[in-house]
Visitor: 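Mind looking over this structure? Questions follow.
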2 protein chains.
Amino acid sequence: MTQIDRQSIPVPTLRRMPAYCNYLKSLSVKGIVYVSTTAVANDLNLIPIQVRKDFEYTRLSGKPKIGYNLELLIEAIEYILGWNKMSNAVIAGVGNLGKALLSYQGFKNYGLDIIAGIDQDKKKHGKEVAGRKVYPPEQIGVLVKENKIGIGIITVPAESAQLMADLFVKNGITALWNFAPVRLNVPADVVVQNENLASSLAVLSQRIKQQKEK
Amino acid sequence: MTQIDRQSIPVPTLRRMPAYCNYLKSLSVKGIVYVSTTAVANDLNLIPIQVRKDFEYTRLSGKPKIGYNLELLIEAIEYILGWNKMSNAVIAGVGNLGKALLSYQGFKNYGLDIIAGIDQDKKKHGKEVAGRKVYPPEQIGVLVKENKIGIGIITVPAESAQLMADLFVKNGITALWNFAPVRLNVPADVVVQNENLASSLAVLSQRIKQQKEK
DNA sequence: TTTTTATCAATATAAATATATCTATTTAAG
DNA sequence: CTTAAATAGATATATTTATATTGATAAAAA
Ligand SMILES: NC(=O)c1ccc[n+]([C@@H]2O[C@H](COP(=O)([O-])OP(=O)(O)OC[C@H]3O[C@@H](n4cnc5c(N)ncnc54)[C@H](O)[C@@H]3O)[C@@H](O)[C@H]2O)c1
Ligand SMILES: NC(=O)c1ccc[n+]([C@@H]2O[C@H](COP(=O)([O-])OP(=O)(O)OC[C@H]3O[C@@H](n4cnc5c(N)ncnc54)[C@H](O)[C@@H]3O)[C@@H](O)[C@H]2O)c1
């Protein structure tokens with residue numbers, strides 16, 4: 001295939017995109033206008049070839065000896081990531097992790113707005129976390145309708161995660177971000193992104209082991 | 001290569017290991033003794049070939065028509081993951097995320113014990129989060145010496161992350177789990193595992209986009 | 001202007017990972 | 001005891017991702 005299929009950006013490339021975006025923005029505030037893949041690679045501990053390959057998915061082209069136009073590049077990456085327009089989300093489970101995510105200001109830069117929390121715990125109903133109200137599960141329907149919720153975030157204990165997923169799906173949410181360590185069963189048209197700290201820890205443990213063997 | 005090199009387990013395999021482990025343990029409590037890769041694959045939405053490939057890294061062999069011995073399999077995976085023996089960790093930054101991680105009971109099953117918190121904020125010193133005390137940064141040295149700390153967890157704001165990394169490294173910690181959205185500069189012999197929610201969100205956004213195009 | 005140099009772009013190769021196929025083995029059923 | 005079915009294990013192939021190579025191009029230097 002000689003032409004790059006814009007629709008199928010490799011996942012590893014996609015995962016590097018936010019880092020590019022943040023880095024490029026940091027250059028932008030310094031008043032820099034052009035950036036070369038060599039420079040990017042150098043600062044992000046990558047190799048230039050990989051950066052160039054990744055940038056190809058923006059459909060932009062750079063100028064030899066000069067590099068890419070910073071503004072256009074940022075715009076293109078933000079477009080790819082969907083960071084240029086906000087998606088509304090609701091988070092189910094306002095416990096330790098749920099509160100942390102609700103309080104996190106960084107998501108705004110990533111095009112994500114968690115507009116409300118859902119929790120079983122009656123004591124939490126009506127309370128606010130970082131300016132976002134907590135509602136009982138029965139309220140999901142209303143919340144979704146009134147706020148164009150696209151994403152459901154799951155931070156309830158593992159045993160309730162499937163229940164919450166079902167509730168989200170029943171109310172028309174088709175994208176789930178799941179922090180509970182379980183595999184969710186959902187209809188084929190629902191997208192699930194699992195966040196699994198155990199997986200990361202597994203990789204870290206292994207690397208520590210190998211490090212010790214040297 | 002016909003013989004599998006035990007030392008170099010592919011990262012994707014490694015990332016699946018915790019899910020296997022949890023699943024197998026759930027079978028174990030039901031009194032099941034043997035499990036086939038077909039059954040595992042079925043329940044975890046994987047394909048049997050992949051499960052079999054992954055299990056090869058345990059160096060165990062299963063019996064046709066029967067499967068693998070559950071106990072041995074769990075033991076082998078826990079050994080690979082290092083979950084059979086505890087590693088002590090310290091977490092720097094007892095804010096929203098830091099508190100959530102400190103409070104998380106799941107890590108105990110993953111061989112990780114976060115024994116203390118480190119924070120700049122004087123108001124937090126001496127306080128406890130989930131039974132773990134919070135200390136000022138100057139205390140790291142003592143903590144490391146007294147508790148055989150192997151892992152430093154970084155949940156401070158991005159701008160302080162490098163500072164914390166340096167402090168950890170200076171005190172002999174050679175493995176970092178970094179939740180701040182920055183790339184850390186560390187000596188070559190220090191292992192860094194970056195946890196990047198932005199990356200995951202990028203993948204999710206993209207999948208939502210593709211979903212809509214259908 | 002000509003040469004040099006940095007960098008992009010296109011193409012090729014390699015490595016890692018996932019999937020498929022085939023054979024041998026074991027057990028359970030007949 | 002024989003046979004059929006299930007499944008591990010070995011090997012082969014395909015796919016995806018990473019890296020290397022080569023040539024073209026534009027800017028800066030000679
Ligand atoms: N805390 C962490 O650092 C961490 C790390 C990794 C994964 N996780 C996972 O995230 C999830 C939440 O962890 P946590 O530490 O925040 O737990 P938590 O117990 O602090 O919070 C869970 C919250 O969910 C609510 N809840 C329970 N059942 C519910 C239901 N059916 N409907 C609505 N709300 C319900 C509870 O009231 C509580 O507020 C767990 O699945 C955990 O495994 C947490
Ligand atoms: N909260 C989230 O859900 C979330 C999600 C993804 C990433 N992160 C990242 O995790 C990090 C922490 O996020 P947070 O929401 O917990 O922030 P926070 O502001 O709630 O907590 C930060 C804590 O670090 C402490 N701190 C600051 N500088 C320090 C220093 N030099 N030494 C020691 N302690 C110091 C502060 O006192 C505070 O307690 C950030 O880098 C953030 O980008 C957070």
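Chain A is the first sequence line, chain B the second, and so forth, proteins listed ahead of strands; every chain is numbered from 1.
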Visitor: Looking at C/dA9, I'd like to know if its phosphate oxygens (OP1 or OP2) sit under 4.0 Å from a side-chain N or O belonging to A/Tyr68.
Guide: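 Yes.
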Visitor: Just the rounded figure in Å: distance from P of D/dT17 to CD1 of A/Ile9.
Guide: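 Rounded to whole Å, this separation is 12 Å.
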Visitor: List in chain and number order the residues that pass side-chain hydrogen bond (donor to acceptor under 3.5 Å, both in side chains) with B/Gln105, two or more places apart in sequence or in another chain; answer none if no residue qualifies.
Guide: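 B/Gln105 satisfies side-chain hydrogen bond (donor to acceptor under 3.5 Å, both in side chains) with B/Lys108 once adjacent residues are dropped.
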Visitor: Starting at the 5' end of nucleotides 19-30 of chain D, put B wherever the base has a protein heavy atom under 4.0 Å, S where only the sugar-phosphate does, and a dash everywhere else.
Guide: BB----B-S---
Visitor: For A/Tyr79, does the six-membered ring have the charged nitrogen or CZ of B/Lys209 within the cation-pi criterion, i.e. under 6.0 angstrom from the centroid and within 45° of the normal?
Guide: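 Yes, B/Lys209 sits over the ring of A/Tyr79.
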Visitor: Taking atom types as modelled, is there a side-chain donor on A/Tyr20 or A/Asp54 under 3.5 Å from an acceptor on the other?
Guide: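 Distance-only check passes for A/Tyr20 and A/Asp54.
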Visitor: Let me know the distance between CD of A/Glu56 and C1' of D/dT17, rounded to the nearest Å.
Guide: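 Nearest whole value for this atom pair: 13 Å.
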Visitor: Any chance the side chains of A/Asn88 and A/Asn147 put a donor and an acceptor closer than 3.5 Å?
Guide: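 Not at all, the side chains of A/Asn88 and A/Asn147 share no donor-acceptor pair under 3.5 Å.
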Visitor: Within the pair B/Ser61 and D/dG9, is there a side-chain N or O less than 4.0 Å away from OP1 or OP2?
Guide: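 B/Ser61 to D/dG9 OP1/OP2: side-chain N or O found under 4.0 Å.
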Visitor: Within the structure, does a side-chain N or O atom of B/Thr37 lie under 4.0 Å from either OP1 or OP2 of D/dA8?
Guide: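 So the side-chain polar atoms of B/Thr37 do come within 4.0 Å of the phosphate oxygens OP1 or OP2 of D/dA8, strictly under.
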Visitor: Specify the separation, in whole Å, of atom CZ of B/Arg59 and atom C1' of D/dG9.
Guide: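 Rounded to the whole Å, the gap is 15 Å.
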Visitor: Measure from OH on A/Tyr57 to P on D/dT17 and round the result to the nearest Å.
Guide: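 For the pair A/Tyr57 OH and D/dT17 P, the rounded distance is 8 Å.
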Visitor: Is the Lys NZ or Arg CZ of B/Lys85 less than 6.0 Å from the centre of B/Tyr110's six-membered ring, within 45° of the axis?
Guide: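 Judged by the rule, B/Lys85 and B/Tyr110 form no cation-pi pair.
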Visitor: Would you compute the distance between atom CD1 of A/Ile149 and atom CD1 of A/Ile140 and round it to the nearest 0.5 angstrom?
Guide: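 Answer for the CD1-CD1 pair, A/Ile149 versus A/Ile140, is 9.5 Å.
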Visitor: Hey, what bend do you get for the helix from C/dT1-D/dA30 to C/dG30-D/dC1 if you fit axes on five pairs at each end, rounded to 10°?
Guide: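 The end axes of the helix from C/dT1-D/dA30 to C/dG30-D/dC1 are about 0° apart, to the nearest 10°.
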Visitor: Taking A/Asp113's backbone N and O only, do any of them form a donor-acceptor pair with A/Ser87's side chain (distance below 3.5 Å, no angle check)?
Guide: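 Answer holds: no.
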Visitor: Check every atom of D/dA8, C/dC8, D/dT17 against the side chain of B/Ser36 and return the nucleotide holding the closest atom.
Guide: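 Among the listed nucleotides, the one closest to the side chain of B/Ser36 is D/dA8.
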Visitor: Using every non-hydrogen atom in the two residues, find where B/Arg15 and A/Asn196 come nearest and quote the distance to one decimal.
Guide: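 So the two residues come closest at NH2-O, 4.3 Å.
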Visitor: Counting any heavy atom closer than 4.0 Å, what does A/Arg16 reach on the DNA or RNA strands: base, sugar-phosphate only, or nothing?
Guide: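 A/Arg16: backbone/sugar contact only, no base atoms under 4.0 Å.
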Visitor: Can you check the B/Phe55 CZ to D/dT7 P distance for me, whole Å?
Guide: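 Distance check: B/Phe55 CZ to D/dT7 P gives 14 Å.
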Visitor: Let me know the distance between CG of A/Asp54 and C1' of C/dA9, rounded to the nearest Å.
Guide: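 After rounding, the gap between these two atoms is 15 Å.
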Visitor: If the plane angle is over 60° it's perpendicular, under 30° parallel, otherwise tilted; pick one for B/Trp177 and B/Phe179.
Guide: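 Because their plane-to-plane angle lies in the 30° to 60° range, the rings of B/Trp177 and B/Phe179 count as tilted.
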